[in-house]
Protein chains: 2
Amino acid sequence: MDKPTITIYDVAREAGVSIATVSRVMNGNANVKPATKEKVEKVIADLGYRPNAVARGLASRKTTTVGLIIPDLTDQYFAELARGIEDVANMYNYQIILSSSNGSEIKNDLIDNLLGKQVDGIIFMGNQVSSEIEERLLSIDLPVVLTGALDTQKKLPSVNIDYFNAFRDATLHLIENDHRRIAFISGLLSKYTKQDYKFQGYEDAIAQHGINHDDKLIFQAGYTYEAGYQLAQAVKTSGATAAVITTDEMAAGVLNGLTDLGLHLPQDFELISNNSQLTRMTRPAMSSITQPIYDIGAVSMRMLTKLMGHEELDDTQIELMHGFTTRDSTAK
Amino acid sequence: MDKPTITIYDVAREAGVSIATVSRVMNGNANVKPATKEKVEKVIADLGYRPNAVARGLASRKTTTVGLIIPDLTDQYFAELARGIEDVANMYNYQIILSSSNGSEIKNDLIDNLLGKQVDGIIFMGNQVSSEIEERLLSIDLPVVLTGALDTQKKLPSVNIDYFNAFRDATLHLIENDHRRIAFISGLLSKYTKQDYKFQGYEDAIAQHGINHDDKLIFQAGYTYEAGYQLAQAVKTSGATAAVITTDEMAAGVLNGLTDLGLHLPQDFELISNNSQLTRMTRPAMSSITQPIYDIGAVSMRMLTKLMGHEELDDTQIELMHGFTTRDSTAK
DNA sequence: CTGAAAGCGCTTACAG
DNA sequence: CTGAAAGCGCTTACAG
């Protein structure tokens with residue numbers, strides 16, 4: 001039934017060499033006479049030999065596999081990050097093992113699974129890093145990169161933008177458009193997380209203009225479109241005339257919710273979102289912070305390949321440039 | 001530096017049994033005296049032993065790993081499928097190796113990589129299955145399930161909806177709304193693919209009402225939002241007054257494109273899309289065929305687990321129910 | 001119910 | 001430049 005799988009032994013026999021030599025040519029080891037190399041390569045091609053990565057992984061203790069921890073596959077932001085990660089992983093011949101928590105909190109056993117699979121490294125993306133997970137990631141003996149995430153101690157390698165200044169600028173933009181009651185809408189806030197830095201930027205901007213912090217203008221909910229949509233009524237009631245929103249799905253929900261409540265954006269309400277393809281798909285299209293999402297993913301993975309290769313890194317806390325794009329949910 | 005990894009030998013020594021016994025308790029083998037089982041389990045817990053899945057995979061020839069071939073991570077439709085797949089995979093303790101072609105055509109070496117990794121099965125999702133890939137998937141000695149895809153010979157196990165009738169109904173809906181010039185917008189069409197069945201449904205509906213086929217109303221482009229947006233001008237010029245569109249990203253693009261050209265939907269133009277979360281995010285929200293995307297993924301993965309477990313399947317060509325949801329891009 | 005032994009398919013010092 | 005041998009960490013008949 002099952003075709004006998006062809007192994008390194010078959011290649012060795014056919015080529016009249018030892019399996020060590022076959023292994024050497026497969027691994028590009030220089031110490032092989034060109035003639036034998038050619039011979040072996042021909043046999044490999046003829047037999048259609050495909051090395052068993054599992055055996056290889058066991059023998060070499062490297063699986064050329066990385067774990068990707070992702071909160072939600074259907075979130076545009078994470079999907080775009082993942083795309084950058086995937087492309088670079090392919091480039092360096094790493095495969096990705098998916099580890100998704102699908103909306104619920106990221107748990108320790110996801111990491112256990114990945115360790116069991118002997119991944120060579122881990123990419124962690126998420127809106128926050130719980131202290132439990134942070135401890136765990138710091139304690140395991142494996143390269144880890146946080147993609148679009150920060151640990152509270154800033155000890156783990158990470159790739160991000162400057163959330164503080166990005167949201168500070170966004171808020172200032174709204175203040176310049178004459179808003180005084182500006183809502184800050186995000187997922188749950190906890191200290192020293194990405195969302196918290198965004199919040200600090202918001203606070204800094206309003207303080208600078210003598211605007212008092214008003215708890216009623218701070219909204220915390222889930223990150224989803226639904227959560228945002230549900231929030232619209234409360235946002236309207238709060239008397240806010242504008243909002244900065246930390247995630248796009250949520251921003252789209254708020255936008256549509258407000259529209260469905262009869263508000264016209266940007267005339268009645270201005271809104272700034274956080275940049276993914278979604279910003280272009282809504283109507284009005286959402287003005288947003290621009291961040292190089294794909295690049296954040298790509299740079300993260302590149303960093304991880306370096307760490308896995310024990311290369312020296314000048315900087316393990318990378319911040320990529322961000323900007324601001326005016327679309328149609330702000331007056332200018 | 002590296003903490004010495006603790007292995008099955010450590011557990012065996014500590015528990016005073018052979019490694020075979022440790023292996024047996026880990027694998028839930030019944031033939032172990034409860035007392036020894038307990039003892040071993042305690043040692044495993046105490047030592048924090050984590051079995052090496054790679055060694056396990058090599059020894060048992062099963063890696064509890066499945067390959068997921070996905071054209072584009074950032075496409076909502078595929079992402080939702082993947083989510084269903086992931087959840088069921090977790091449920092059955094399979095891990096997923098991602099294999100994305102990121103927009104470009106799915107190539108043979110993606111499959112090679114997965115085979116090299118000794119995956120136990122493959123889930124293939126894609127808008128089409130090229131004949132090269134179809135041959136390959138048929139020839140490999142491994143369970144394969146097509147998720148939201150069909151091979152031309154219908155030999156491979158697959159999970160889909162009835163695309164013909166879904167698009168037939170959608171087209172009839174537009175005809176009932178008094179349209180005669182209805183555009184069909186999709187990715188590239190080729191015979192016996194999913195898109196082709198949709199197209200046949202469209203053709204059948206118009207033929208039934210004596211509407212002549214008009215090549216000018218058939219649009220083929222990429223599947224992306226951008227592709228759809230670019231198409232809007234041509235669609236408008238064609239004199240079409242309505243459209244059925246095979247993918248959501250594309251539909252959102254057409255919708256926004258037409259809107260930006262000054263058309264008001266549904267008054268000036270009616271449009272039916274193909275159902276993902278995106279249908280709710282656009283304005284107007286898109287009327288669409290409804291299909292249980294998450295379930296298609298989940299059922300696919302469940303089917304694959306059965307195939308991998310050599311279980312009998314009554315039916316390997318599964319069609320899930322579809323429906324139609326009127327939102328705001330059609331008059332009714 | 002349990003253990004000794006072989007084997008899964010590779011890589012990697014070591015020796016020459 | 002090449003090979004013999006050990007070993008990676010498990011599972012799985014086989015024997016008892």
Side-chain angles (χ1 to χ4, degrees), chain A residues 2-41 43-44 47-65 93 95 113 115-120, chain B residues 2-41 43-44 47-65 93 95 113 115-120:
Chain A
D2 295 350
K3 311 161 196 149
T5 63
I6 95 132
T7 72
I8 197 172
Y9 286 95
D10 302 313
V11 176
R13 190 184 341 100
E14 206 67 23
V17 299
S18 74
I19 61 164
T21 297
V22 178
S23 174
R24 285 192 192 96
V25 344
M26 285 192 323
N27 293 299
N29 189 314
N31 295 328
V32 183
K33 188 160 53 165
T36 50
K37 180 169 183 233
E38 246 175 69
K39 188 171 49 178
V40 170
E41 276 169 348
V43 174
I44 288 179
L47 262 45
Y49 168 63
R50 190 188 311 113
N52 181 325
V54 172
R56 229 169 169 169
L58 183 59
S60 68
R61 302 158 151 293
K62 289 191 307 168
T63 55
T64 61
T65 276
N93 289 312
Q95 313 249 234
N113 279 336
L115 294 178
K117 289 282 183 185
Q118 313 301 116
V119 295
D120 296 336
Chain B
D2 294 351
K3 313 163 194 146
T5 64
I6 95 133
T7 72
I8 197 171
Y9 286 95
D10 302 312
V11 177
R13 191 184 341 99
E14 207 67 24
V17 299
S18 75
I19 62 164
T21 298
V22 177
S23 174
R24 284 191 192 98
V25 341
M26 285 193 322
N27 292 299
N29 189 314
N31 296 326
V32 183
K33 190 161 50 166
T36 48
K37 182 171 181 230
E38 247 175 68
K39 187 171 52 180
V40 171
E41 277 169 346
V43 175
I44 288 179
L47 263 47
Y49 168 63
R50 190 189 311 114
N52 181 325
V54 173
R56 229 169 169 168
L58 184 58
S60 69
R61 302 159 150 292
K62 288 190 307 170
T63 55
T64 62
T65 277
N93 289 312
Q95 313 249 231
N113 279 336
L115 294 177
K117 288 283 183 185
Q118 313 302 115
V119 295
D120 295 337

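Below, chains carry the letters A, B, ... as their sequence lines are ordered, and counting in each starts from 1. Hydrogens, waters and symmetry mates play no part in the numbers below; they use all other heavy atoms, side chains included.
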| query | Start at the 5' end of DNA chain C and walk down; is the nucleotide closest to B/Thr36 or to B/Ile19 reached first? | reply | B/Thr36

| Relative to the 5' end of DNA chain D, which residue comes earlier, A/Tyr9 or A/Pro34, by the nucleotide with the nearest heavy atom? | A/Pro34

| side-chain hydrogen bond (donor to acceptor under 3.5 Å, both in side chains) involving B/Thr64 - partner list, sequence neighbours excluded | A/Lys117

| remark: 5'-most to 3'-most nt of DNA chain C touching chain B (<4.0 Å, heavy-atom partner on protein side) reads C/dC1 to C/dG9

| remark: A correct dot-bracket answer for DNA chain C, with pairs being Watson-Crick or G-U at under 3.5 Å, [ ] for crossing pairs and | for inter-strand pairs, is |||.||||||||.|||

| In residues 54-61 of chain B, what residues come within less than 4.0 Å of DNA chain C, judged by heavy atoms? | B/Leu58, B/Ala59, B/Arg61

| Contact summary for A/Ile6 and A/Val11, nearest pair of heavy atoms | CD1-CG2, 4.3 Å

| note | Hits for side chain to side chain contact (heavy atoms under 4.5 Å, CB included) against B/Ser18, two or more places apart or cross-chain, chain-then-number order -> B/Ala20, B/Thr21

| task | Output all residues satisfying side-chain hydrogen bond (donor to acceptor under 3.5 Å, both in side chains) with A/Arg61, sequence neighbours left out; order by chain, then residue number. | result | none

| message | Tell me every residue that passes side chain to side chain contact (heavy atoms under 4.5 Å, CB included) with A/Glu38, counting only those two or more places apart in sequence or in another chain. | response | none

| With sequence neighbours excluded, what pairs up with A/Ala12 under the side chain to side chain contact (heavy atoms under 4.5 Å, CB included) test? | A/Ile19, A/Val22

| Set of salt bridge (charged side-chain N to carboxylate O under 4.0 Å, His left out) partners for B/Lys39, sequence neighbours left out | none

List the atom pairs, donor and acceptor, that lie under 3.5 Å between side-chain atoms in residues 49-56 of chain A and the rest of the protein, sequence neighbours left out.
unit_1, atom_1, unit_2, atom_2, d
A/Asn52, OD1, A/Val54, N, 2.7
A/Asn52, OD1, A/Ala55, N, 3.0
A/Arg56, NH2, A/Asn27, OD1, 3.0

| Contact class for A/Ser23 vs. all strands (heavy atom < 4.0 Å): base, sugar-phosphate, or nothing? | base

| task | Kindly write out the residues that satisfy side-chain hydrogen bond (donor to acceptor under 3.5 Å, both in side chains) with A/Asp120, not counting sequence neighbours, or none if the list is empty. | result | A/Thr63

| For B/Asn113, what residues pass the side chain to side chain contact (heavy atoms under 4.5 Å, CB included) criterion, not counting sequence neighbours? | A/Gln95

